[in-house]
Amino acid sequence: MNIKTELNRLNPAQREAVTTTEGPLLVLAGAGSGKTRVITMRVAYLIHLGALPESVMAVTFTNKAAREMKERVQSLLDGRTNQNQPVISTFHSLCLNILKREIEALGYRRNFTVYDTGEQISLLRHLLSDIRIFEKGFRPEDVLEKISRLKNDFKSPLKSEKDEFDAEALSETLFPRYQETMRSLNVVDFDDLLLLTLRLFREHPGALEKYRKRFRYLMVDEYQDTNKIQYEILRLLAGERKNICVVGDDDQSIYGWRGASLHNILDFERHFPGTRTVRLEQNYRSFGNILVAANSVIKNNAKRMEKCLRTDRGDGPKVCLFRAEDGEEEAQWIADRISRIKYERNLPYEEFAVIYRANTLSKPFEEAFRGSRIPYTVIGGTSYFDRKEIKDLASYLKVIANPLDGLSLLRASSAPKRGIGSKTTNRLAEFARERSISLLEAFKRAREADIGEKSAQPARSFALMIEKYRELFKKRGEMGKAFRALAEEIRFKDYISELYKSQEMALKRIENVENFIQSLHHFEERAFQETGAEKKPSLQGFLEELALDGNPGETDEKPFGVVLTTFHSAKGLEFPVVFIACLEEDILPHKKSALPGEGIEEERRLFYVGITRAMRELYLTSAQHRTKYGKKAPTTPSRFLDEIPDNIVRRIQNLEPEDPAQEEIKAKAFFAKMREMLGD
DNA sequence: GTTAGTTCTGTTTTT
DNA sequence: CAGAACTAAC
């Protein structure tokens with residue numbers, strides 16, 4: 001690909017964004033405005049102009065986005081940079097890679113590992129039981145959320161022991177303990193990856209200088225989703241040079257509840273004086289009526305930068321509204337509508353999507369689709385990490401990689417059960433604390449602790465086993481083998497199959513186990529290929545990839561059938577036909593988010609994100625009654641529906657005097673599907 | 001130390 | 001209603 005020709009294909013605003021290379025640049029990129037194209041081309045353009053590839057850094061939010069961007073930059077550069085590559089990664093993995101070199105300056109060891117949410121919760125559960133809370137209602141989930149908020153507000157974990165126990169005070173009390181325990185276990189959480197990097201830059205000017213020199217051009221995608229810590233890191237890295245280009249859309253900021261700060265993008269021009277601002281308002285995705293709907297909804301938000309999406313594709317069909325009797329009817333109506341459109345226009349199922357507020361709402365749609373023989377894929381839901389068999393096995397790998405990680409040791413030591421119970425572990429934990437030794441060490445020396453021989457023995461042999469595998473995993477290229485041997489030795493598959501009642505369930509779990517073991521093999525082979533075997537692939541590396549990039553078996557492949565997804569997971573996707581469902585008060589806006597202005601505005605942005613996923617047809621549905629927690633209750637239509645102007649809307653009644661031909665079409669659609677199923 | 005009943009609590013989740 | 005987490009009895 002030739003950069004010059006590619007450049008000419010851009011619209012003027014896009015071209016300005018790509019060719020403005022020096023100084024702070026804010027690109028306000030509306031939905032569907034070719035944002036990714038701009039950002040990838042800008043990376044290629046910088047290198048084309050002579051910037052060293054390794055001096056260009058582009059951060060994204062998902063691994064998927066990073067991979068895609070890498071590929072596209074690669075093809076734009078046409079393999080012109082053989083040796084050095086621009087750094088294109090997620091914010092978190094960028095920080096992880098920095099910390100891997102520098103973390104010792106902050107009091108951690110080099111072989112630290114990353115805790116996922118489940119492990120954070122588990123740690124907090126231990127801390128909560130230590131502190132002996134008698135009142136109920138202190139859920140570790142809530143404490144974790146508060147601690148995360150404290151971290152994101154730059155609160156230092158100072159000991160501020162308060163006596164009254166409301167959730168807030170409790171979290172403040174637990175925060176320093178949590179942080180200190182994490183450090184002693186030599187583990188970090190996702191927040192720490194960012195926070196420790198910031199601390200490094202603040203406390204060690206030499207380190208900051210090094211990375212400032214290295215990264216001369218900073219680019220950030222989805223800037224509206226960055227938090228305050230990320231802003232601080234960027235500000236420090238940008239330094240005096242201030243070659244920072246951020247791309248984002250304040251109207252699509254939907255992660256405020258996770259600490260994202262809308263102010264980062266709203267105040268960018270103030271944060272970086274002299275900013276050049278470029279607006280990408282030309283939309284290449286949707287027909288006019290859809291954009292009218294989107295613009296009319298979002299203009300009700302007070303906190304935003306003025307923008308207005310345009311298209312030159314014509315109005316397209318009107319936005320359709322449908323209100324069903326109940327959730328089941330709503331789902332069935334959508335299923336019927338999909339069958340009909342598919343029959344009339346022969347669209348593949350992959351071009352339809354159903355978008356709703358919460359994962360728990362997917363069920364009626366799944367049932368209706370199954371009943372109507374419509375293939376579908378539910379995006380999101382239970383993640384790979386929530387699978388017990390994976391967490392169990394991963395906990396073995398974690399202690400092996402990081403022997404200080406006593407929590408993973410605890411988990412591993414009872415999965416499968418091997419006669420080490422809570423009494424023994426409590427004693428050993430205390431023993432470890434008294435002597436200031438690691439829990440693994442305490443397990444090994446269990447005989448010295450105050451426990452009976454028949455409890456000490458299994459603890460001791462467990463510790464010895466871990467040490468044995470620690471050696472085996474160090475052998476180059478033998479990790480896959482070692483892992484398999486470990487799974488055999490602990491009879492992991494037997495343990496799993498006994499855990500599940502149905503044969504089917506058990507088989508599925510065993511398959512997961514098999515894949516997981518295999519994924520370490522793959523990792524090893526891949527690492528050998530990539531590094532030419534000069535650097536040995538490490539277990540730590542595998543665990544990092546697992547923590548930051550999730551399911552090893554998961555692919556970026558296109559989902560099969562109709563896509564069922566939440567607003568959040570729909571971001572960045574597009575579909576010719578979109579159904580936004582369950583548009584009722586208390587669902588959208590959600591009851592718990594609806595509180596003051598801020599909350600409502602984020603809910604509105606969710607709706608905006610949903611609307612702008614549609615290319616051609618948009619259906620907005622709701623139900624008069626909805627079954628929640630087993631009880632059926634009447635509902636009120638979402639207030640956001642009133643914000644869409646009537647002249648672009650078509651209301652559909654269920655028994656719409658669908659011209660009699662309609663029944664016939666339905667029947668035909670049915671037979672067409674039958675034929676298809678019979679396989680022709 | 002393990003298991004079977006019982007109670008509780010229901011958003012969103014790129015990392 | 002359904003899944004998880006906790007408790008009380010083997």
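The chains referred to below are lettered A, B, ... by the order of the sequence lines, with proteins before strands, and numbering in each begins at 1. Below, each value reflects all heavy atoms present in this structure, side chains not excepted, and no hydrogens, waters or symmetry copies.
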Discussion item. Going by centres under 5.5 angstrom and planes under 30 degrees, do the aromatic ring of His590(A) and the base ring of dT11(B) stack?
Written reply: yes
Practice prompt. Indicate whether OP1 or OP2 belonging to dC6(C) is found under 4.0 Å from a side-chain N or O atom of Arg125(A).
Written response: yes
Fill in: Proximity to the side chain of Ala358(A) - top-ranked nucleotide from dT13(B), dT14(B), dT11(B)
dT11(B)
Worksheet item: If the C1' atom of dA5(C) is compared with that of dT12(B), how far apart are they to the nearest Å?
Response: 23 Å
Practice prompt. Check every strand shown and say whether Gly572(A) touches a base, only sugar-phosphate, or nothing at a heavy-atom separation below 4.0 Å.
Written response: nothing
Worksheet item: Checking all strands, does Asn359(A) fall into the base, sugar-phosphate, or nothing category for heavy-atom contacts under 4.0 angstrom?
Response: sugar-phosphate
Discussion item. On the nucleotide dT14(B), are OP1 or OP2 found under 4.0 Å from the side-chain N or O atoms that Asn63(A) carries?
Written reply: no
Fill in: For Tyr223(A), ring-ring contact (aromatic ring centres under 6.0 Å, His included) partners two or more places apart
Phe268(A)
Worksheet item: To the nearest Å, how far apart are Leu124(A) CG and dA5(C) P?
Response: 14 Å
Worksheet item: Which nucleotide in the set dT2(B), dT14(B), dT13(B) lies at the smallest distance from any side-chain heavy atom of Lys417(A)?
Response: dT2(B)
Worksheet item: Any donor-acceptor pair under 3.5 Å between the side chain of Arg139(A) and the base of dT9(B)?
Response: no
Item to complete: Compare the ring of Trp257(A) with the six-membered ring in the base of dT12(B) and state whether they stack (centres under 5.5 Å, planes under 30°).
Response: yes
Worksheet item: For Glu602(A) and dT13(B), what is the distance between atoms CD and P respectively, to the nearest whole Å?
Response: 13 Å
Discussion item. Counting the atoms with a prime plus P, OP1 and OP2 as sugar-phosphate, which does Thr424(A) contact under 4.0 Å by heavy atoms, base, sugar-phosphate, or nothing?
Written reply: sugar-phosphate
Practice prompt. Can you sort out the partners of Gln624(A) under side-chain contact (heavy atoms from CB on, under 4.5 Å), two or more places apart, ordered by chain and number?
Written response: Arg323(A), Glu325(A)
Discussion item. If I take atom CG in residue Leu428(A) and atom P in nucleotide dG1(B), what distance separates them, rounded to the nearest angstrom?
Written reply: 11 Å
Worksheet item: Under a 4.0 Å N-O cut-off, is there an ion pair linking Asp326(A) with Lys632(A)?
Response: yes
Worksheet item: Does any N or O in the side chain of Glu389(A) come within less than 3.5 Å of the main-chain N or O of Asn512(A), such that one atom is a donor and the other an acceptor?
Response: no
Practice prompt. Calculate the interatomic distance between Arg604(A) atom CZ and dT11(B) atom P; express it in whole Å.
Written response: 23 Å
Worksheet item: Roughly how many Å is it from OH in Tyr255(A) to P in dT15(B), rounded to a whole number?
Response: 9 Å
Worksheet item: Residues in salt bridge (charged side-chain N to carboxylate O under 4.0 Å, His left out) with Arg418(A), at least two apart?
Response: none
Worksheet entry | Length of the CD1-C1' vector between Ile229(A) and dT15(B), whole Å | 13 Å
Fill in: Any Ser569(A) side-chain nitrogen or oxygen under 4.0 Å from OP1 or OP2 of dT12(B)
no
Worksheet item: What pairs with Lys228(A) under side chain to side chain donor-acceptor pair (under 3.5 Å), at least two apart in sequence or on another chain?
Response: Asp153(A)
Worksheet item: Just to confirm, is there a sub-4.0 Å distance from OP1 or OP2 of dT15(B) to any side-chain nitrogen or oxygen of Thr62(A)?
Response: no
Worksheet item: Quick one: is dT15(B) close enough that its OP1 or OP2 comes under 4.0 Å of any side-chain N or O from Asn227(A)?
Response: no
Practice prompt. For Glu102(A), enumerate each residue passing the side chain to side chain donor-acceptor pair (under 3.5 Å) test, keeping only those at least two apart in sequence or located in another chain.
Written response: Lys210(A), Tyr211(A)
Response to the item:
Atom CG of Asp142(A) and atom C1' of dT9(B) are separated, to the nearest Å, by 11 Å
Practice prompt. Report the distance from atom CD1 of Ile379(A) to atom P of dT14(B), rounded to the nearest whole Å.
Written response: 11 Å
Worksheet item: Within the structure, does a side-chain N or O atom of Thr566(A) lie under 4.0 Å from either OP1 or OP2 of dT13(B)?
Response: yes
Worksheet entry | Charged N-O contact under 4.0 Å between Arg639(A) and Glu585(A) | yes
Worksheet item: Relative to the 5' end of DNA chain B, which residue comes earlier, Glu222(A) or Tyr629(A), by the nucleotide with the nearest heavy atom?
Response: Tyr629(A)
Fill in: Passing candidate, salt bridge (Lys or Arg N to Asp or Glu O under 4.0 Å) with Asp251(A), options Lys571(A), Arg605(A), Arg304(A)
Arg304(A)
Identify each atom pair where a protein N or O and an N or O of nucleotides 5-7 of chain B are less than 3.5 Å apart, giving names and distance.
none

Worksheet item: What's the closest nucleotide to the Phe61(A) side chain, out of dT14(B), dT15(B), dT11(B)?
Response: dT14(B)
